[in-house]
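Count residues from 1 along the sequence. Just so you know, these numbers use all the heavy atoms, side chains as well, and skip hydrogens, waters and symmetry mates.
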Amino acid sequence: MSRAEKVFILGTIFWLLLQLSRVIALTLIVDINAGLSSEAWRYPAYLDLFAVIFALPLIWAVWACRGFLTWVALIVYWVISIIDHFGNFVTTIFVGPPSIADGMNPFVVPAVQTLLDILLLGLLFVPQYRDLFFRVQKSAS
């Protein structure tokens, strides 16, 4: 495996690990239930929980058992994550930022996350990186 391929695999795993921070959606759901944030934030919060729940199995799959299914799962994961970020933009525009975003620009974090998700999604289609999921390991016989 080349250095660039190792960086791609480790970068993907690192970015998936950072998705675990989206567990803050639980706080947002509590705020929604308490009436402190708009109901419009419920769907983006649930998509954030999706990102948290599926990050760990994907990390394992990227590290231990790359194959067609892992490649497809990453594509689906990044697409859903991008949809979530666009939902954050739309919800912020129409109802304002969630209560957990007090004191910060509510567009910066989703914008950075969207760009990185798009980058990783695009790299999955570059032959050099796509092939990391389709190489058959020769047995030592």
Side-chain angles (χ1 to χ4, degrees), residues 1-34 36-141:
M1 191 179 319
S2 74
R3 184 173 190 273
E5 293 168 339
K6 288 177 186 175
V7 168
F8 172 72
I9 293 297
L10 292 175
T12 299
I13 290 169
F14 180 71
W15 187 236
L16 285 166
L17 275 170
L18 287 177
Q19 301 309 303
L20 298 177
S21 68
R22 292 165 82 170
V23 76
I24 196 166
L26 290 173
T27 303
L28 180 55
I29 291 169
V30 169
D31 286 355
I32 293 166
N33 291 340
L36 301 174
S37 286
S38 171
E39 274 293 326
W41 282 104
R42 192 173 297 277
Y43 179 70
Y46 288 153
L47 286 181
D48 280 334
L49 291 181
F50 160 84
V52 171
I53 291 168
F54 287 100
L56 290 174
L58 272 173
I59 290 166
W60 173 79
V62 169
W63 183 258
C65 63
R66 288 184 299 275
F68 177 73
L69 192 58
T70 302
W71 183 74
V72 170
L74 281 170
I75 291 169
V76 170
Y77 184 87
W78 296 135
V79 168
I80 292 173
S81 182
I82 292 165
I83 289 168
D84 175 41
H85 301 316
F86 277 103
N88 289 342
F89 294 130
V90 171
T91 306
T92 298
I93 290 167
F94 285 105
V95 301
S99 57
I100 60 174
D102 285 341
M104 60 186 270
N105 184 327
F107 295 104
V108 172
V109 172
V112 170
Q113 290 174 322
T114 302
L115 290 174
L116 288 170
D117 287 353
I118 290 170
L119 173 67
L120 284 168
L121 176 63
L123 287 174
L124 284 172
F125 292 96
V126 172
Q128 176 183 2
Y129 303 119
R130 181 194 62 218
D131 291 348
L132 290 170
F133 296 90
F134 296 101
R135 288 186 188 142
V136 176
Q137 300 295 328
K138 294 182 181 179
S139 62
S141 54

Apply the test side-chain contact (heavy atoms from CB on, under 4.5 Å) to residues F8 and L124: give CA-CA distance (whole Å), side-chain angles for both, the deciding distance (0.1 Å), then the verdict. CA-CA 9 Å; F8 172 72; L124 284 172; 3.8 Å; yes

Quick one: side chains of residues 42-59, donor-acceptor pairs under 3.5 Å with protein atoms, not counting sequence neighbours, listed by atom name and distance.
| residue | atom | partner | partner atom | Å |
| --- | --- | --- | --- | --- |
| R42 | NE | E39 | OE1 | 2.9 |
| R42 | NH1 | N33 | OD1 | 3.2 |
| R42 | NH1 | Y46 | OH | 3.4 |
| R42 | NH2 | N33 | OD1 | 2.8 |
| R42 | NH2 | E39 | OE2 | 2.9 |
| D48 | OD1 | R22 | NE | 2.9 |
| D48 | OD1 | R22 | NH2 | 3.0 |

Can you tell if the side chain of F86 reaches within under 4.5 Å of the side chain of P110, non-hydrogen atoms only? no

Could you tell me whether the side chain of R130 and the main chain of V126 form a donor-acceptor pair under 3.5 Å? no

Got a second to check how far L17's CG is from L10's CG, nearest 0.5 Å? 10.5 Å

When you measure from the side chain of T12 to the backbone of L120, do you find a donor-acceptor pair of N or O atoms at a distance under 3.5 Å? no

For F125, give me all partners under ring pair (Phe, Tyr, Trp, His ring centres under 6.0 Å), at least two apart in sequence or on another chain. W71

Quick check: do F133 and F68 have side-chain heavy atoms less than 4.5 Å from each other? no

Within 6.0 Å of CZ in F107, more than 12 heavy atoms from elsewhere: yes

Work out which heavy atom in S2 is nearest to a heavy atom in Q128; give both atom names and the distance. OG-NE2, 3.5 Å

As an exercise, state the distance from CD1 of I29 to CD1 of I24, rounded to the nearest 0.5 Å. 11.5 Å

Sort and list the pairs that fulfil salt bridge (charged side-chain N to carboxylate O under 4.0 Å, His left out) and have at least one residue in residues 4-19, not counting sequence neighbours. E5-R135

Taking every non-hydrogen atom, the tightest pair across V62 and R66: O-NH1, 2.7 Å

For W78, what residues pass the side chain to side chain donor-acceptor pair (under 3.5 Å) criterion, not counting sequence neighbours? none

Reported CG-to-CD1 distance for the pair L116 and I82, which is rounded to 0.5 angstrom: 10.5 Å

Give the C-alpha distance, both sets of side-chain angles, the deciding distance and a yes or no for side-chain contact (heavy atoms from CB on, under 4.5 Å) between Q19 and Y77. CA-CA 11 Å; Q19 301 309 303; Y77 184 87; 3.3 Å; yes

List the atom pairs, donor and acceptor, that lie under 3.5 Å between side-chain atoms in residues 89-104 and the rest of the protein, sequence neighbours left out.
| residue | atom | partner | partner atom | Å |
| --- | --- | --- | --- | --- |
| T91 | OG1 | G87 | O | 2.7 |
| T92 | OG1 | N88 | O | 2.8 |
| S99 | OG | D31 | OD2 | 2.4 |
| S99 | OG | S37 | OG | 2.9 |

Can you pull out every salt bridge (charged side-chain N to carboxylate O under 4.0 Å, His left out) where at least one residue sits in residues 8-21? Sequence neighbours excluded, please. none

Rounded to the nearest 0.5 Å, how far does CG of L28 lie from CD1 of I32? 4.0 Å

